[in-house]
There are 2 protein chains.
Amino acid sequence: MSDVKSAASPSASPLYLRDEELKEGVELLFRAFLEIFGQREEMGEVLGRAHRRALYIIARHPGINVAGLLGILKITKQSLARVLNDLLAHGYVERRASVRDGRMRQLSLTSKGAALENALWEAQRPHLVQAFKEAGPDAVAGFRRVLSGLAERAAGTKSPGTA
Amino acid sequence: MSDVKSAASPSASPLYLRDEELKEGVELLFRAFLEIFGQREEMGEVLGRAHRRALYIIARHPGINVAGLLGILKITKQSLARVLNDLLAHGYVERRASVRDGRMRQLSLTSKGAALENALWEAQRPHLVQAFKEAGPDAVAGFRRVLSGLAERAAGTKSPGTA
DNA sequence: ATAATTAGTCAGCATGTCTGACGTAAAATC
DNA sequence: GATTTTACGTCAGACATGCTGACTAATTAT
């Protein structure tokens, strides 16, 4: 792991791996995140970011069960419960027992939920498209490569709650 | 998820701009963010993410005043106050009146604060370096281009209540 | 002297996260 | 059939982080 040492030494660290560049990358990641996820109540409803995120995941994985959802969201069961109950109460999400395994609850969007998800996505997409288009396909490919590397913390250094 | 309008048309949307790709990008951004910023108390102290972020900014902008810090962090004065007072109480940050303008408070890290900031960075850097190095300089350049585009949401695309 | 700027503070609220402890139902195992 | 494990639900309490509004205090600008 010590291929790169102090990041201040030019020989071991190409320009793009200097501390300054790395820190700028971190800053950029933070600010981009805020822009994309920091949106307050575009939903016109009482639903917040956590709800939106759950909605998203369910939309992309219809029939997902709670454990699967938890695995993706990486939050606790209790945290999810509140969010999920809100979504159920508002009629955005449907929950029914699996036929294969009666313990499992399969989650899917109602048509109302799908409409909401779509509306939210439509509101968000132009910004994404613009940024992606301006950067170009190659930049987007790089974006994905780097983020993938960052997201997959190799040795599972920690998951939420590991502290 | 049935009828999505524009992003499905091939002519107007190259592959990398399809909904699926865009949504994957969003997911990736979220997960990368969690890996980088979701760390709970690696600080061994009572300081959380907000503290860490302020520490970072002050480290990168020694002598910054409160207004400047607020401008970068984009939080309210009251939110910052809590964080800043914690950092001051723990002796990580120094605050002194400006000579030019006695109303301003210039913030900087104490040696203790600098040591902490450095330790935190050292702990984080290997992960960054690995991801960046594996992706390569071109990918990193793309990463930065895209994130910059995402971060700079041109102007008020949304004010609170953009339903 | 008065107004504007910069900072600090109090009080209260919303959201989202966490831990711990139980409860319930179904499946798997013995 | 009884026991254990799995998958989920829920109550209770806590912490961190953001927000608004309404002030005070010090300093500078007009």
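All values below were derived from every heavy atom in this structure, side-chain atoms included, with hydrogens, water molecules and symmetry-related copies excluded. First the proteins, then the strands, lettered A, B, ... as listed; each starts at 1. Keep in mind the model is a prediction, meaning the values are calculated, not measured.
- To the nearest angstrom, P of C/dA7 lies 14 Å from CD1 of B/Ile75.
- The two residues B/Ser108 and B/Gly63 come nearest to each other via the heavy atoms CB-N, 4.2 Å.
- For A/Leu73 and C/dT15, the CG to C1' distance is 16 Å, given to the nearest whole Å.
- Taking atom CZ of residue B/Arg82 and atom C1' of nucleotide D/dA16, one finds them 7 Å apart after rounding to whole Å.
- Atom CZ in A/Arg49 sits roughly 13 Å away from atom P in D/dT17 (whole-Å rounding).
- Nearest to the side chain of B/Asp101, among D/dT28, C/dA7, D/dG9, sits D/dT28.
- Minimum atom distance to the side chain of B/Arg105 is reached by C/dG8, of the listed C/dG8, C/dA27, C/dT9.
- Seen from the ring of B/Phe30, A/Arg53 counts as a face-on cation partner, given the 6.0 Å and 45° thresholds.
- Side-chain N/O atoms of B/Gln78 and base N/O atoms of C/dG8 include no donor-acceptor pair closer than 3.5 Å.
- Whole-Å rounding puts the B/Met104 CE to D/dT28 P distance at 10 Å.
- Nucleotide D/dG9 holds its C1' atom 14 Å from the CG atom of A/Asn65, rounded to whole Å.
- The listed nucleotides are C/dG8, C/dA4, D/dC8; the one nearest the side chain of B/Arg95 is C/dG8.
- Note on A/Ala81: a base of the nucleic acid sits closer than 4.0 angstrom, heavy atoms only.
- Note on A/Arg53: nothing from the nucleic acid sits closer than 4.0 angstrom, heavy atoms only.
- Of the candidate nucleotides C/dA26, C/dT9, D/dC19, D/dC19 has the atom nearest to the side chain of B/Ser79.
- With DNA chain C read from its 5' end, the first of the two nearest nucleotides for A/Ala50 and B/Ala67 is the one closest to B/Ala67.
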